[in-house]
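Some notes on the structure that comes next.
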Amino acid sequence: GENVEQHPSTLSVQEGDSAVIKCTYSDSASNYFPWYKQELGKGPQLIIDIRSNVGEKKDQRIAVTLNKTAKHFSLHITETQPEDSAVYFCAASIVEAAGNKLTFGGGTRVLVKP
Amino acid sequence: NAGVTQTPKFRVLKTGQSMTLLCAQDMNHEYMYWYRQDPGMGLRLIHYSVGEGTTAKGEVPDGYNVSRLKKQNFLLGLESAAPSQTSVYFCASSYAGEAFFGQGTRLTVV
């Protein structure tokens, strides 16, 4: 089955700096790569996703890149703000007609220092 | 706009007791999932369902059973709770991509 590795496990950045989280996956058939943000006491919430036919996607301060050949993808957060502090999870899956089983990375705890 | 609702939010069980966690979604999604979240291990898939009346094993199914009698509901059962099942449990539903998660159930087995 799919295996997703995520690094680093913790990341501390100064407000305004950039944060980068990297993930690798094992199953070359995976075609959907979402990123989730989890705040304390809440369920994970999708912040951005990318499909295997796209190399990069951007949404305001958040961007994701995908390298299918190397089987890795990354989350980039620019101009970090204190509200970006949370745990971030990457995931990989094979999207079928009606749904997909997500395999998650171990998570990255991001702390943005004011 | 409820999305995915889990009940209960917290529960303490004694070893050997049984309980059922309920998940309800109002988005008419076919796929539903149960994950457990342990420190440093991300979310691991316990069981999932691809539609009403179907269930399948995920990555860590031992000690759990599930049922999907109605499309909108997905139940997770623990027949004989063990301390190793202390965790936060999340239900999710999805359709061709984005998965929507509930708020979680924090279960402690003593």
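Since the structure is predicted, the reported quantities are computational estimates derived from the model, not experimental observations. Quick note on labels: first sequence line is chain A, next is B, and so on, each numbered from 1.
Between the CZ atom of A:Phe104 and the OH atom of B:Tyr35 there is a distance of 5.0 Å, given to the nearest 0.5 Å. A distance of 12.5 Å separates CZ of B:Arg44 from OG1 of A:Thr103, quoted to the nearest 0.5 Å.
Enclosure of atom CD in B:Glu79 is not indicated, since only 12 or fewer non-hydrogen atoms of other residues, nucleotides or ligands lie within 6.0 angstrom. For A:Gln45, the CD atom sits in a loose shell: 12 or fewer heavy atoms of surrounding residues, nucleotides or ligands are nearer than 6.0 Å. Heavy atoms from other residues, nucleotides or ligands lying under 6.0 Å from CD of A:Glu83 number more than 12. Counting non-hydrogen atoms of neighbouring residues, nucleotides and ligands closer than 6.0 angstrom, the CD atom of A:Gln81 exceeds 12 such neighbours. Atom CZ of A:Arg109 is surrounded by 12 or fewer heavy atoms from other residues, nucleotides or ligands within 6.0 Å. Residue A:Lys22 places its NZ atom among 12 or fewer non-hydrogen atoms of other residues, nucleotides or ligands, all under 6.0 Å distant.
A donor-acceptor pair is defined here as one N or O able to donate and one able to accept, closer than 3.5 Å; no such pair exists between the side chain of B:Tyr33 and the backbone of A:Leu102.
Considering every non-hydrogen atom in both B:Gln37 and A:Phe89, the closest pair reads NE2-CZ, 3.1 Å.
Contact of A:Gln38 with chain B is made through the side chain alone, with heavy-atom distances under 4.5 Å. Looking at A:Pro34, neither its backbone nor its side chain comes within 4.5 Å of chain B, counting heavy atoms on both sides. For chain A, the nearby parts of B:Leu43 are the backbone and the side chain; heavy atoms of each come within less than 4.5 Å.
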